[in-house]
Every structure is written in structure tokens, then in C-alpha cells.
Amino acid sequence: MGRQTQRKDDLLVSSNFIRAVRESGYVSLSTALAELIDNSLQAAATKVAVTVTRPKPAGLPEIRVEDDGEGMSRSRLEACLRFGGSSRFDERQSFGRFGMGLPAASLSQARRVEVTSWQNGQVANRVCLDVDAIAAGTPVDLRARRQPGVTTGSGCLVTWQHCDRIEYQRLAWLERALRRDLGRIYRRFLSNGDLTLTLNGKRVDPVDPMLLTAKVEGYSAGLAFEPLRYELAASSGRTAFVTVRFAMLPVQHWHHLDNATKRRSGIVGGAGVSILRAGREIATGWHLMGAKRKENYDDWWRCEIEFDPVLDEHFGITINKQGIRPSQVLQEALGSELEAIARLLNSRVRQAFEEVKFQAATEASCRVAAAADVDLPVIPTAGRGSGALSYRIGSEQLSIDKMFASSLKRRTLDVTLNVDHPAFAALYRPLQKLGDEAAGELRTALELFLLSFARTTTLLSRDGHNCDDLLRMWSRTYGRMLQKS
């Protein structure tokens, strides 16, 4: 076939442009597929089915994305594979904006794309774009062709043929990666029931990088604070809010998990910020954290930033919705506070790990105390009112006027030492200078002294004595003496 004639005043050289578009920068198959799912959601689809097959044993994969949306008229169908041909160009209500997603995403992964659409049970129409044909000089033809067969309702089917850019050799690996990525990108829609997404016939479950809904050994992450809201003005004159949420992972309950479990559960390797635009994740990484650098401890807290498309200019949305370029206004509005919070959460995680180590070191003392408890006066409790107590020693920041706090729940006496009281450093710092055996003996004696004091005040309190004032007075007296020593 002859080479396509190119006029001097043509803006584009079609064959070269198509080759260039194939390098449009989609970082993965998942992000390219997300462009198609975005289109389905904009077309009011509630069901999207993704099918990945390999038509020939040694051939290239083929991918089909079918939805139950409103479909496209013949004229819209003929425009859908034109770059910038969207009827919703520069809209700020939903996902699409530039009309580049469908053709650019498709050609970044496949050598041929077909789009079939039907409305109200009427005959379906199809358009296609073939990289090899265009490269060979064949004129681009985007006229819609009627397709045989019966249709029901409305919908759209996008087929990617000859997918030569897929990095996975085995479809099972590819399917696992797609489930993880698409479940994360569309987690809000999947969780709310607004979208049913299937992959090779099996439902895709939401994946929450904040781990607020995930259960690992019966525990989930929790919000570190109430959500923060920042109101910003757009150049259009409208204002909208940026909402920021932080989550803390339960170090005490998850620190002991092996690395494989932590990685599989998303505990490690998931640090950073998830950026959501209109409820859809568009970027992940270390964003808007100022001068705070990412450290290993930062795996144990998460951040989620959500904004309305009205604020696109502040986030510097890229054409393929895979990243952000924060404006100076956005950085000034959020950066310093988010950096301070990031440093605070990093400090909390460090403290939590110190607490875990501290607790582990107190186990010997707690075992000795539990063994002795059978010979001590019984402290009655509701429900299980008798029997020996078990003991736990922890540490955290408490009111400065208390050396420790104690509580009895379910036959466990929980003693929390106050790291801010002078006694904590005075009693525990000298242990670091001793040998392991001597330090162990002295530590056990010290902690048994504290446990016995806490047990005695608990027993007296159950008999009607007010020991809280005694504890405060003793703590103040001891603290004052230590300051003078």
C-alpha cells in the first residue's frame, strides 16, 4: 500500500504521532485501564467487566472492557478515538477532562483498539484504530460500522488487541496485580456499592491503603485525628475543600508479623500519601510533606488527600491522571502543617516501638508477679471475681503529677509508667550501665516493687479507700527528691 500523502500545512504527521502516543507515559497497565473505567463511570455505568485472555497460546494478550452505561450515539462514537474529541472537554465535574484518555491509554498498551457501543437495544456500531495500518500509511478512517447481532439495553465495549506492552508474562500474575491496583484506585466506588467491577468473571474487592477497613489478626488501623479541611479558591472564582485524613497502624498488634505477611497485608511498602480526585485515586507517593523525608517508621502511618476537580489547577493534574504538580498556593496552604503532622506521627511510631521493646523486657517481672499472686489477698472483680491476676507493664506520656497509672480489667492488672515523670529516667537509665545479668535482677526487683505498690492501692481502693490522692502525693514527693539529688 502506498505511503500516505502529508500536506505541508498539516499539524500532525499521523504515522509518527501514533508512534509517539504509544510512549505517552502510562506507568502500568492498571493506570491505562483506569482511563476506560473512568469513561464507564462518566457514562453512568454501575457494572464494568474486564476480561484478559490470550487468544493464542504463544500470542499477545487481548483485553476487553464492557460496561452497562448509557452508550454513545454514532457521532460520539466516531469522535471517541480522536485525540481531544471528547464532548466533555475541560469539564470539572468528574474524571475526564481533555478527551485524550481513551485513545492514548489504548495505544499505550495495544496495537489495535476497537470501540463498540449500543443504545436502547438498537444496533451496535464500531470504530477502530490500528497502529500498524497507520504506520504503513493507510489513511485514518474513524467512521462507525454497523455490527450484526442483537443487543439489549445500552453499553460500551472496548477491545484492546495485540497488547505488546504488558510486562507480565503469566496472566495469573497480571490478574493479581490488576486486582490490587484497580481495587485501590476505585476503592471508594467499590466500597459504596456504586460500582461492581469484575476481572475475568470474579469481583474486584476494594483495597484500602489506609488499612482502616482491613482486618489483620483482628485489628485495623485507626484515624490519628479528625479529618482536616482546607478551603481553596480556583481561578474560576469557585471555592472547594481539600480534605486530609491521617491513619495510625497498630504497632502493638502488628509489629511481630513476619515480613511476608506485612508486605502482603500492605503494612510495609505502603507508606506515603494517597491522592484522590473525585473519589478516584490518581497518585501515590511522598507528596506535600515539606522537608520531611520518608523513613522506615513512616510505614506505620498513612495519609489520604481528597479534592474536587474544581481545584485541578492547584494539584497540576496531568493529562493521564497519574500524578500531581502542587501549586505554590497549595504547598503554602497545606505543606507546613502536614510536615509537622508527619513528624509527629513518626515520633509516635518510634515511641510505640519503644513501648513494644519495653513491654517485652518486662515479661519476666510480670511472670514472677503472676506466680506469687495465688498467695496474695484476692481482689474481687465483676464476672470473673476470683483467681490469680496476670500483670502487664507499659509506658507512655501521662500527667506529670503521676509516676504511673494502673487499671484492673478482666483479671489483668495493667500498670503504665509515666515516661515524663523524673522517676522513669532515674530508675531505668542506670540499668543500661550494668551487665545483662545484674541489670535483669535489678530490673525485676524494681518492677516487682512497682507492681506490688499498684496491687496494694488497687486492693485498698476496692475496700473504699481513696488511694488516688496517695499516689499523687507520693509521686510528687519522689519527683521533688529526685530533682534535688
Atom pair [atom1] ([X]) and [atom2] ([Y]), whose distance is rounded to the nearest 0.5 Å:
| X | Y | atom1 | atom2 | value |
| --- | --- | --- | --- | --- |
| Arg302 | Met210 | CZ | CE | 9.0 Å |
| Met289 | Ile341 | CE | CD1 | 8.0 Å |
| Thr243 | Phe307 | OG1 | CZ | 11.5 Å |
| Arg145 | Arg74 | CZ | CZ | 8.5 Å |
| Ile282 | Leu276 | CD1 | CG | 8.0 Å |
| Asn39 | Met72 | CG | CE | 8.0 Å |

Please identify each residue that fulfils side chain to side chain donor-acceptor pair (under 3.5 Å) with Glu363, with sequence neighbours left out. none

Cys366 side chain reached by Ile393 side chain, heavy atoms, under 4.5 Å: yes

If you define the side chain from C-beta out and look only at heavy atoms, does anything of Ile63 sit under 4.5 Å from Leu29? yes

Starting from the C-alpha separation in whole Å, work towards a yes-or-no answer on side-chain contact (heavy atoms from CB on, under 4.5 Å) for Thr51 and Val65. CA-CA 7 Å; Thr51 307; Val65 179; over 6 Å; no

Charged N to carboxylate O below 4.0 Å: is that the case for [X] and [Y]?
| X | Y | value |
| --- | --- | --- |
| Asp132 | Arg111 | yes |
| Arg280 | Asp38 | yes |
| Arg245 | Glu306 | no |
| Glu114 | Arg126 | yes |
| Asp298 | Arg293 | no |
| Asp308 | Arg277 | no |
| Asp414 | Arg410 | no |
| Glu304 | Arg188 | yes |
| Arg350 | Glu355 | no |
| Glu281 | Arg184 | yes |

Applying side-chain hydrogen bond (donor to acceptor under 3.5 Å, both in side chains) to His256 and Glu217, what does each step give before you reach the verdict? CA-CA 11 Å; His256 67 281; Glu217 297 209 340; 3.2 Å; yes

Would you say that more than 12 heavy atoms from the other residues, nucleotides or ligands in this model lie under 6.0 Å from the [atom1] of [X], or not?
| X | atom1 | result |
| --- | --- | --- |
| Arg263 | CZ | no |
| Arg343 | CZ | yes |
| Trp286 | CH2 | yes |
| Phe225 | CZ | yes |
| Glu226 | CD | no |
| Asn192 | CG | yes |

Please step through side-chain contact (heavy atoms from CB on, under 4.5 Å) for the pair Glu66 and Cys156, ending with a clear verdict. CA-CA 6 Å; Glu66 183 172 354; Cys156 188; over 6 Å; no

Can you list the residues that meet the salt bridge (charged side-chain N to carboxylate O under 4.0 Å, His left out) rule with Lys215, with sequence neighbours excluded? none

With sequence neighbours excluded, what pairs up with Glu175 under the salt bridge (charged side-chain N to carboxylate O under 4.0 Å, His left out) test? Arg179

Ignoring hydrogens and angles, tell me if any N or O in the side chain of Ser327 forms a donor-acceptor pair with the backbone of Leu330 under 3.5 Å. yes

Quick one: does any side-chain atom of Asp420 pair with a main-chain N or O of Ile400 as donor and acceptor, under 3.5 Å? no

Please report whether the ring centroid of Phe424 lies less than 6.0 Å from that of Phe358. yes

Going through the distances and angles, do Ser73 and Gln119 end up as a side-chain hydrogen bond (donor to acceptor under 3.5 Å, both in side chains)? CA-CA 7 Å; Ser73 64; Gln119 291 183 310; 5.3 Å; no

Begin from the C-alpha positions of Ser274 and Thr284 and carry the test side-chain hydrogen bond (donor to acceptor under 3.5 Å, both in side chains) through to its verdict. CA-CA 5 Å; Ser274 171; Thr284 61; over 6 Å; no

Determine whether Asn125 and Thr116 satisfy the following criterion, side-chain hydrogen bond (donor to acceptor under 3.5 Å, both in side chains), listing intermediate values before the conclusion. CA-CA 6 Å; Asn125 291 285; Thr116 306; over 6 Å; no

Please work out whether the ring planes of Phe353 and Tyr297 are parallel, tilted or perpendicular, with thresholds of 30° and 60°. tilted

